[in-house]
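See below for the structure under consideration.
Source: prediction; values computed, not measured. The chain is numbered in sequence order, starting from 1. Indexing begins at 1, ligand by ligand and atom by atom, following the structure's order.
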Amino acid sequence: MKVLVVGGGGREHALCWKLKRSLSVSEVVCAPGNPGIARDARCAPVAAEDIEGLVQLARDEMPRLVVVGPEAPLVMGLADRLRAEGFPVYGPSRAAAELEGNKAFAKALMAEAGVPTARFETHTDADAAESCIRKWGAPIVVKAAGLAAGKGVIVAHDVETAVSAARDMLAGNTFGSAGHKVVIEEFLEGEEASCLFIVSGDTIIPLASSQDHKALLDGDRGPNTGGMGAYSPAPCVTPAIEEEVLERIAHPTIAALRARGIDFVGTLYAGIMLTEHGPKTLEFNVRFGDPECQPLMTRLRSDLGELLLAAAEGRLAGKELEWDTRAALCVVVASHGYPGAFEKGQVIKGLEQVEAAGTIVFHAGTAEHDGQLVNAGGRVLGVTALGDSVRDAQQTVYQALRRLDWPGAYYRKDIGHRAIEREA
Ligand code: AMP
Ligand code: GLY
C-alpha cells in the first residue's frame with residue numbers, strides 16, 4: 001500500500017524509515033519531509049500545517065493510509081478533514097487532540113476520570129494565579145495551557161520566578177495566545193518515563209517503555225527543550241508499573257473521552273512521573289514522542305504499516321507487538337544556541353562515517369543548500385543505535401559522533417545516564 005506521512009522532523013523520519021521496511025508498504029510519501037526522509041520516502045513540498053494543501057495532496061496521491069506525525073495539524077483538525085474525504089487516518093480528531101492542545105481540558109478530564117495527576121488550578125487572571133502560587137509555595141509548576149512546542153512549562157524553585165512566569169504567560173508575552181490560560185501545578189518528584197499506546201476505539205496496545213531527556217544540559221539541568229535524547233526500554237518502568245499506567249491512566253482517559261462522545265484513534269502518549277505514591281500523569285500528547293519515536297521504531301519488529309492501518313480502520317483488537325530485545329538510544333544533535341537563537345545554514349558533514357560506525361542518523365532540522373547539507377532548525381539530527389544494554393547503545397552513539405564534522409553542533413554527553421546507573 002501507499003502511505004502518506006505528514007511532518008518533517010526526526011519522529012517522521014523514524015516513521016518513514018520503519019514504514020519503508022514494512023512488508024505491507026510499497027510506497028511512502030512524506031509532506032514536507034526533509035533531506036534524510038528523502039532516502040526513505042518521496043517528499044512532497046506541502047507544510048505540515050497547510051491543512052488545505054494536505055487534503056489536496058491526499059486527493060492527488062490517493063494513499064491507502066495517512067499517518068499524522070506532529071500535534072499542530074491534529075489540533076487544527078487535519079484528521080477530521082481527511083476522514084471526511086474517506087481516507088483511513090492514523091491520528092486523532094481535533095476534539096481528541098485537545099488532550100494535548102489544551103492542558104486545562106486534559107487536567108479537567110483527568111480529575112473527572114480519577115486519573116492520578118498533580119493537584120492543579122487553572123487561571124486566566126494574573127492576580128488569582130499569583131495568589132494561588134503564594135498560597136501553595138515553591139517548588140511549583142506553571143504551564144501555558146495551549147501548544148508551545150514543549151517549552152511552555154516553567155518548573156519554579158522560588159515563588160517570585162513562578163509569579164513572573166505566570167504573569168508573562170497571561171499577558172501573552174511568552175507564548176502568545178497559548179499562555180492566555182495557565183495551569184498551576186503541584187511539583188512532583190521522581191523519575192520520569194514516557195508510556196505510549198496505540199489506541200483505536202476501546203483497544204489500547206502499549207508500546208515499549210521509553211524515557212527522554214527534556215533538559216538542555218548534562219545532569220538534566222538547564223532549560224526545557226523539545227527533547228535532547230531518548231532510549232528504550234526504560235528500566236524504571238517495571239511490568240507492574242506498565243500495568244498500572246495502562247489500567248489507571250490510559251484506559252480511564254480513553255473511556256472518559258468516549259463518555260463525551262470523542263473517539264480516539266492514534267498514539268496516546270502519557271508523560272509519567274514515578275512518585276513514591278505511584279505513577280502520576282504529567283501530560284498527555286496525542287502523537288509519538290520526538291525523540292522517543294526514534295529508539296522505539298528502531299526496536300519495533302512488527303509491520304508498522306499493518307498496525308497503523310488496523311488502528312485507523314478500527315481492527316486493532318488482538319494485535320500484538322514484537323520488539324527487538326536489545327536497547328536503543330538516540331542522541332539529539334542540536335544547533336548551538338538552541339532552544340534560544342541559533343545560526344542556520346552551517347554545513348554538516350561526516351554523516352556517512354557516523355552511520356558506518358553502527359548508527360542510524362534520523363534527520364530533523366536539516367536542509368539542502370547548493371548541494372550541501374545544512375542545519376535549518378533547533379534539533380537537527382537524532383543519532384540512534386541498538387545495543388545489548390543501554391550502555392552499549394550509548395557507547396556506539398557517542399563513538400560514532402566523534403566522526404561528525406559540524407563545528408556548530410551541540411549535544412548532551414550523558415543521554416541514558418539513569419538507565420545506565422540502574423544497569424550498573
Ligand atoms: P510537560 O510538557 O507538561 O510534560 O512538562 C515538561 C516537563 O516539565 C516535564 O517533562 C517535567 O520534567 C516537568 N514537569 C511538568 N509538570 C511537572 C510537575 N507537576 N512536577 C514536576 N515537574 C514537572
Ligand atoms: N519528547 C517529548 C515530546 O515528544 O513531547
Does [X] reach ligand 2, in the sense of a heavy atom lying below 4.0 Å from it?
X      : result
Arg287 : yes
Gly227 : no
Gly271 : no
Pro291 : yes

task = Return a yes/no value for Arg11: is any of its N or O atoms, backbone included, closer than 3.5 angstrom to an N or O of ligand 2?
result = no
Contact (N/O only, under 3.5 Å) between Asp212 and ligand 2 =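 Yes - when backbone and side-chain N and O of Asp212 are compared with those of ligand 2, one distance drops under 3.5 Å.
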key: Any residue meeting salt bridge (charged side-chain N to carboxylate O under 4.0 Å, His left out) with Arg287, in chain and number order, not counting sequence neighbours   = Glu71, Glu100
ask   = Can you list every salt bridge (charged side-chain N to carboxylate O under 4.0 Å, His left out) pair that touches residues 384-394, not counting sequence neighbours?
value = none
ask   = In terms of side-chain geometry, is the basic nitrogen of Asp40 or Lys18 positioned less than 4.0 Å from the acidic oxygen of its partner?
value = no
inquiry  = Any salt bridge linking Glu283 with Lys143? Criterion: basic side-chain nitrogen under 4.0 Å from a carboxylate oxygen.
reply    = no
ask   = So does Arg221 have more than 12 non-hydrogen atoms from other groups sitting under 6.0 Å from CZ?
value = no
ask   = Is the closest N or O pair between Met273 and ligand 1 shorter than 3.5 Å?
value =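 Among all N and O atoms of Met273, none is under 3.5 Å from an N or O of ligand 1.
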message = Checking contacts here: is it the side chain or the backbone of Val141 that comes within 4.0 Å of ligand 1, counting heavy atoms only? Could be both or neither.
response =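 Looking at Val141 and ligand 1, just side chain atoms fall under 4.0 Å.
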task = Could you see which bit of Lys143 sits under 4.0 Å from ligand 1, with heavy atoms only: side chain, backbone, both or neither?
result = side chain
query = Any non-hydrogen atom of Lys280 lying under 4.0 Å from ligand 1?
reply = no
task = If the plane angle is over 60° it's perpendicular, under 30° parallel, otherwise tilted; pick one for Tyr231 and His213.
result =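 Ring orientation, 0 to 90° scale: tilted.
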